[in-house]
S.K.: 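Quick one: this structure, given as structure tokens, is what I'll be asking you about.
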Amino acid sequence: MQTSSTKVVVVTGGSRGIGLAVARAFVTGGASVVITGTTETSIAPAVRELESLARGGTVMGQVADVRSYEDVQRMVETVANRCGGIDVLVNNAGIGVFAPVAQMTPTQWHDIIETNLTGVFHCCHAALPYLRARGGGWIINMSSLSGTNPFADGAAYCASKAGLNAFSEALMQEVRQEGIRVAYVMPGSVNTGFSGRSSGSQEWKLAPEDVAQVVVSMVDYPSRSLPSRVEIRPTRPPRKS
């Protein structure tokens, strides 16, 4: 069985948070890892850290805005040319703006949907020919429990993740016979400061490394099995009063 240590892995939004934790987990396992971000300034420190952890694989950083198909296509082609192909695509890039619908601007709505949903389509569309050329591979989409449990002031974010779930389920059925396994991971609260809404102790939340462990373990499943949807949540969240 081919393990994650022999693979070429692309992690979008890999310069911080869950994405960086996923990249660390693959790099320390010996995989070659490419992370993307929107600026060279944001990517460079993460690449340096990953290079210091690398165990045989190569590390690359690529500037790409997932909202731009041209950016994504250029990034995927560069990775495939330099690394010989792509085995795993982790669609982690995402943004969140949390406000009531009446106060959210059309631009904010557009940015969330274009990044969290359309951006995943762009990456999958561009990467599929290279996954097929390898005879199979993995697409893992980073969703959220909010995709099935909407909350007030999160309409756009929740809608983007609900759409991502449906997209992942449909794509999984389209390509599973080709050896391409598609899955989505739905974390609960993760201690990344992503929402900007946190206050008080955050120790009860998941760590980004907890989510990364799930992602890496999925890739190492035998080829006969497909864990297509995984929920991971904090063990002991604060009790609601």
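Model, not experiment: these values are computed from the prediction.
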S.K.: Going by heavy atoms in the side chains, are Val97 and Asp111 under 4.5 Å from each other?
M.R.: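 No, too far: nothing below the 4.5 Å cut-off.
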
S.K.: For residues Thr36 and Val72, determine if any side-chain heavy atom of one lies less than 4.5 Å from a side-chain heavy atom of the other.
M.R.: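 Side-chain contact under 4.5 Å: no.
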
S.K.: Share the residues that join Val101 in a hydrophobic cluster, the rule being Ile, Leu, Val, Met, Phe, Trp or Tyr side chains under 4.5 Å apart at the heavy-atom level.
M.R.: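 Once heavy-atom contacts under 4.5 Å are chained together, Val101 still belongs with nothing else.
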
S.K.: Within this structure, what is the CG-CE distance for the pair Asp65 and Met75, rounded to the nearest 0.5 Å?
M.R.: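 Asp65 CG to Met75 CE: 11.0 Å, rounded to 0.5 Å.
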
S.K.: Can you name the nearest heavy-atom pair linking Cys158 to Pro150, along with the distance?
M.R.: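 Closest pair (atom of Cys158, atom of Pro150, distance): SG-CA, 3.6 Å.
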
S.K.: Counting N and O atoms only, with roles assigned by atom type, does the side chain of Ser143 sit under 3.5 Å from a partner on the main chain of Val185, one being a donor and the other an acceptor?
M.R.: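 A pair under 3.5 Å: no.
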
S.K.: Indicate, with yes or no, if Leu145 and Phe167 share a hydrophobic cluster defined by side-chain heavy-atom contacts under 4.5 Å among Ile, Leu, Val, Met, Phe, Trp and Tyr.
M.R.: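 Different clusters: Phe167 never reaches Leu145 through Ile, Leu, Val, Met, Phe, Trp or Tyr contacts under 4.5 Å.
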
S.K.: Linking I/L/V/M/F/W/Y whenever their side-chain heavy atoms sit closer than 4.5 Å, directly or via other members, would Leu131 and Phe121 fall into one cluster?
M.R.: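 Result: yes, single cluster for both.
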
S.K.: Side-chain contact, heavy-atom cut-off 4.5 Å: Arg132 with Ile180?
M.R.: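 Of all side-chain heavy-atom pairs linking Ile180 with Arg132, at least one is under 4.5 Å.
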
S.K.: Between Val120 and Val79, is there a shared hydrophobic cluster once you connect ILVMFWY residues whose side-chain heavy atoms come closer than 4.5 Å?
M.R.: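 Hydrophobic grouping puts Val120 with Val79.
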
S.K.: Rounded at 0.5 Å granularity, tell me how far NE2 in His122 sits from NE2 in His125.
M.R.: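 Between atom NE2 of His122 and atom NE2 of His125 there are 9.0 Å.
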
S.K.: Could you give the distance from CE (Met104) to CG (Asp153), rounded to the nearest 0.5 Å?
M.R.: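 Spacing of CE (Met104) from CG (Asp153) equals 8.5 Å.
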
S.K.: Report yes or no: does Asp210 contribute a side-chain atom to a donor-acceptor pair with the main-chain N or O of Ala207 at less than 3.5 Å?
M.R.: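 Yes.
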
S.K.: Please check: side-chain N/O of Thr28 versus main-chain N/O of Ala25, any donor-acceptor pairing under 3.5 Å?
M.R.: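 A pair under 3.5 Å: yes.
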
S.K.: Kindly indicate, with the supporting measurements, whether the criterion side-chain contact (heavy atoms from CB on, under 4.5 Å) is fulfilled by Phe98 and Phe151.
M.R.: CA-CA 10 Å; Phe98 301 95; Phe151 56 88; 3.7 Å; yes

S.K.: To the nearest 0.5 Å, how far apart are CD1 in Ile43 and OG1 in Thr38?
M.R.: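 Those atoms lie 7.5 Å apart.
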
S.K.: Looking at every non-hydrogen atom in both residues, tell me the closest pair between Trp138 and Ala183 and how far apart they are.
M.R.: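 Closest approach of Trp138 to Ala183, heavy atoms only: CZ3-CB, 3.8 Å.
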
S.K.: Under the ring pair (Phe, Tyr, Trp, His ring centres under 6.0 Å) rule, collect the residues that match up with His110, sequence neighbours excluded.
M.R.: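 Expected list: none.
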
S.K.: Heavy-atom distance under 4.5 Å between the side chains of Glu169 and Arg229, does that happen here?
M.R.: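 Yes - at least one pair of side-chain heavy atoms lies under 4.5 Å apart.
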
S.K.: Kindly indicate whether the side chain of Arg24, heavy atoms from C-beta on, has any atom under 4.5 Å from the side chain of Glu49.
M.R.: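 They are in side-chain contact.
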
S.K.: Whether the side chain of Gln103 engages the backbone of Pro100 through a donor-acceptor N/O pair (distance < 3.5 Å, no angle test) should be reported.
M.R.: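 No.
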
S.K.: Give, for atom OG1 of Thr192 and atom NZ of Lys205, the distance between the pair rounded to the nearest 0.5 Å.
M.R.: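 Output value for this atom pair is 7.0 Å.
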
S.K.: In Å, rounded to the nearest 0.5 Å, how long is the span from CG of Asp87 to CZ of Arg134?
M.R.: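 Between atom CG of Asp87 and atom CZ of Arg134 there are 4.0 Å.
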
S.K.: Is there a donor-acceptor pair closer than 3.5 Å between any side-chain N or O of Asp71 and the backbone N or O of Val66?
M.R.: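 No: the side chain of Asp71 does not pair with the backbone of Val66.
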
S.K.: Any side-chain heavy atom of Leu128 sitting closer than 4.5 Å to one from Ile139?
M.R.: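 Result yes, sub-4.5 Å side-chain heavy-atom pair found.
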
S.K.: Do Met186 and Leu206 sit in the same hydrophobic cluster, where Ile, Leu, Val, Met, Phe, Trp and Tyr count as joined when their side-chain heavy atoms come under 4.5 Å apart?
M.R.: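 No, separate clusters.
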
S.K.: Is there side-chain contact between Val190 and Pro208, with at least one heavy-atom pair below 4.5 Å?
M.R.: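 In contact.
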
S.K.: Can you name the closest pair of heavy atoms from Thr12 and Ala93 and give their distance?
M.R.: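 Closest pair (atom of Thr12, atom of Ala93, distance): OG1-N, 3.0 Å.
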
S.K.: Given 3.5 Å as the limit, does a donor-acceptor pair link the side chain of Lys161 with the main chain of Met142, or not?
M.R.: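 Answer holds: yes.
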
S.K.: Which residues pass the ring pair (Phe, Tyr, Trp, His ring centres under 6.0 Å) test with Tyr130, sequence neighbours left out?
M.R.: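 Tyr130: no ring pair (Phe, Tyr, Trp, His ring centres under 6.0 Å) contacts found.
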
S.K.: Could you check whether any side-chain heavy atom of Asn116 comes within less than 4.5 Å of a side-chain heavy atom of Leu164, counting everything from C-beta outward?
M.R.: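 Sidechains of Leu164 and Asn116: no contact.
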
S.K.: Considering non-hydrogen atoms only, spot the tightest contact between Gly57 and Ser32 and give its length.
M.R.: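 Here Gly57 and Ser32 meet closest at CA-OG, 3.6 Å.
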
S.K.: Report the C-alpha distance between Val22 and Val211 in whole Å, list the side-chain angles of each, state the deciding distance to 0.1 Å, and finish with yes or no for side-chain contact (heavy atoms from CB on, under 4.5 Å).
M.R.: CA-CA 8 Å; Val22 169; Val211 183; 5.5 Å; no

